Amino acid sequence: METYTKQYINGEWIDSMSGETIDVINPATEEVYGKIAKGNSEDVDKAVEAADAVYLTFRNMPVEDRKNMLDRIVTEYENRKDDIIKAITSELGSPKSKSENVHYEMGLTHFKAARDALDDFQFEERRGDALVVKEAIGVAGLITPWNFPTNQTSLKLSAAMAAGSPVVLKPSEETPFAAIILAEIFDAAGVPKGVFNLVNGDGEGVGTPLSGHPKVRMMSFTGSGPTGSKIMEKASQDFKRVALELGGKSPYIILDDVDIDKAARSAVQKVVNNTGQVCTAGTRTLIPASIKDEFIKKAKQYMHEVVVGDPNDETTTMGPVISKKQFDQVQSYIDIGEKEGAKLYYGGTGKPDGLDKGYFAKPTIFTDVDNKMQIAQEEIFGPVMSVLTYKDLGEAIEIANDTKYGLAGYVMGNDKASLKKIARSIEAGTVGINDVPGQSDLPFGGYKQSGLGREWGDFGIEEFLEVKTIKGYFA
Ligand code: NAD
């Protein structure tokens, strides 16, 4: 069993003040995989004080030194590859190959991207006789979810470190071990004491005092909308900056001139990736009525090819959902979908055959979905596809935007003008045309209730900076 009951504060592993622990469950076995400290407000105070004490020195660290520090982090991160993959496979239940090719890689990419962004980043700019300076905002509180344990943490950490803001990180209590390895990586990379602090614990014990701490100048949060609201409320007391990456219910618009086989494969991937626990998952699949029958037949075939099972088995392509709570949520939405009158076309409630232990859900397709239904409006966060039909592009766009969310959107087809028109019309922070791969220097974030602000690359660094105008500097 992995037991880490200490907090990483001011460059040292010290006992948590609470003396209490939280069990971390392996979702594939339902067994306790490890224990972490259940931190409290005293731990938060210590961590914030440590970060605040180094704020001015870290802010003034030359950019070249920050680049070298990020390079050393990249090297140490690569040295811990096997440990990161093992932690993510165990705590998240992600299939081993995905833990390597998706989770491990995404974390690494963010440190490299932040480092590269510093090559061209303009921290100062002359305007007439004035100088405009961008400088680190100060202590940043980072709170992250469980669905991408290295991606969410690394992207915030890399940006804050590139900007020169010291941090206190509270990772999800459900996937804390990848973050503990990051703390060890920073220690080995010689990140100055106090720049990175890790306080493990739950939302109430650590997240709440961190969001309300008077010496924290900004909160960067990724997670659910309701938690984002609470953090914003706390932060509003002393007008902290808030960056929020929240949920989504993203549309995937398929055009009628598409290669149906390719579209079905891609749409299924968007739903089963990370067992559907992806904020940008394209779970509302919009298809022209004329190709519906052929499309859903193909989609069913690709859903059937998903191999659900033991994350350590090389043939597995989809692991369990994270927890009993998440499993119950997915089951409940499948029930709701049927009650609302959608047609359960594939999958359904219960566990796949032969998988009695572990939070394994069935890849599922609903057809005949109306966009007013709960299964079209609410984030299920499981491998459930809702298929809707449209009669023309105008209607497709209207349905796509008829949601409180605006994190992502997808479109696939051949007619370039239609693809571009749809991409420009979808109200979302990122729209993908024809499944092109992502790039870590592109901004990422949400419209509407999907969040505030942008992360990744230079846009991510901007979030951790204040802007100062010095008039008469060159006079
Ligand atoms: P969550 O909101 O329950 O928890 C996220 C984090 O907030 C955890 O670390 C948790 O301990 C902490 N927390 C809980 N209550 C808190 C409080 N009152 N104050 C401060 N912190 C608190 O979310 P989750 O279940 O871990 O993650 C799933 C959600 O995250 C989904 O809605 C998903 O869409 C969203 N998400 C969004 C993105 C994005 O980039 N937009 C990425 C991944 C996940």
Side-chain angles (χ1 to χ4, degrees), residues 22 24 27 36 38-39 41 44 91-92 102-103 106 110 141-156 159 168-176 178-179 198-213 216 219-236 240 242-250 273-283 321-330 378-382 403-408 428-430 438 443-456 459-460 463:
I22 298 176
V24 180
I36 52 156
K38 186 179 180 188
S41 60
V44 172
E91 65 188 8
L92 178 64
V102 180
H103 294 278
M106 285 183 94
H110 292 307
L142 316 179
I143 301 183
T144 52
W146 44 262
N147 62 339
F148 282 87
T150 42
N151 175 57
Q152 312 298 0
T153 47
S154 301
L155 83 90
K156 293 184 194 305
V168 177
L169 169 68
K170 191 211 94 59
S172 169
E173 61 274 36
E174 286 170 286
T175 55
L198 172 73
V199 182
N200 272 312
D202 61 17
E204 201 184 319
V206 177
T208 303
L210 185 59
S211 318
H213 200 291
V216 170
M219 288 301 301
S220 176
F221 169 73
T222 299
S224 64
T227 306
S229 285
K230 285 184 195 160
I231 290 172
M232 208 171 168
E233 210 178 307
K234 276 262 157 207
S236 74
K240 291 184 206 325
V242 176
L244 302 173
E245 300 290 350
L246 308 172
K249 190 75 190 178
S250 301
N273 257 341
N274 214 36
T275 323
Q277 304 165 122
V278 182
C279 48
T280 53
T283 48
V321 294
I322 184 74
S323 61
K324 166 95 171 57
K325 182 174 155 230
Q326 195 63 31
F327 179 78
D328 290 344
Q329 174 172 311
V330 174
E378 294 170 20
E379 193 177 40
I380 299 174
F381 236 49
T403 164
K404 67 180 178 184
Y405 294 115
L407 190 58
T430 303
F444 177 86
Y447 283 26
K448 302 194 264 182
Q449 293 190 28
S450 288
L452 290 176
R454 293 293 178 271
E455 297 194 286
W456 296 46
F459 280 83
E463 293 220 304

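When a ligand or atom number is given, it counts from 1 through the structure's own listing order. The figures here come from the full heavy-atom set of this structure, side chains too, leaving out hydrogens, waters and symmetry mates. Please read all numbers here as calculations on a predicted model, not as lab measurements.
- Although no hydrogens or angles enter the test, the distance criterion places a donor-acceptor pair under 3.5 Å between the side chain of Ser450 and the main chain of Leu407.
- Under a 3.5 Å cut-off, the side chain of Thr208 and the backbone N or O of Gly203 do form a donor-acceptor pair.
- Although no hydrogens or angles enter the test, the distance criterion places no donor-acceptor pair under 3.5 Å between the side chain of Lys234 and the main chain of Gly207.
- Atom CD1 in Ile22 sits 5.0 Å away from atom CG in Asp202 (nearest 0.5 Å).
- Judged as a side-chain contact (heavy atoms from CB on, under 4.5 Å), and not counting sequence neighbours, the contacts of Val102 are Lys98, Met106, Phe148.
- A donor-acceptor pair shorter than 3.5 Å cannot be found between the side chains of Lys249 and Thr403.
- Taking a heavy-atom cut-off of under 4.0 Å, ligand 1 is surrounded by Ile143, Thr144, Pro145, Trp146, Asn147, Gln152, Lys170, Pro171, Ser172, Glu173, Gly203, Gly207, Thr208, Phe221, Thr222, Gly223, Ser224, Thr227, Lys230, Ile231, Glu245, Leu246, Gly247, Cys279, Glu379, Phe381, Leu407, Phe444.
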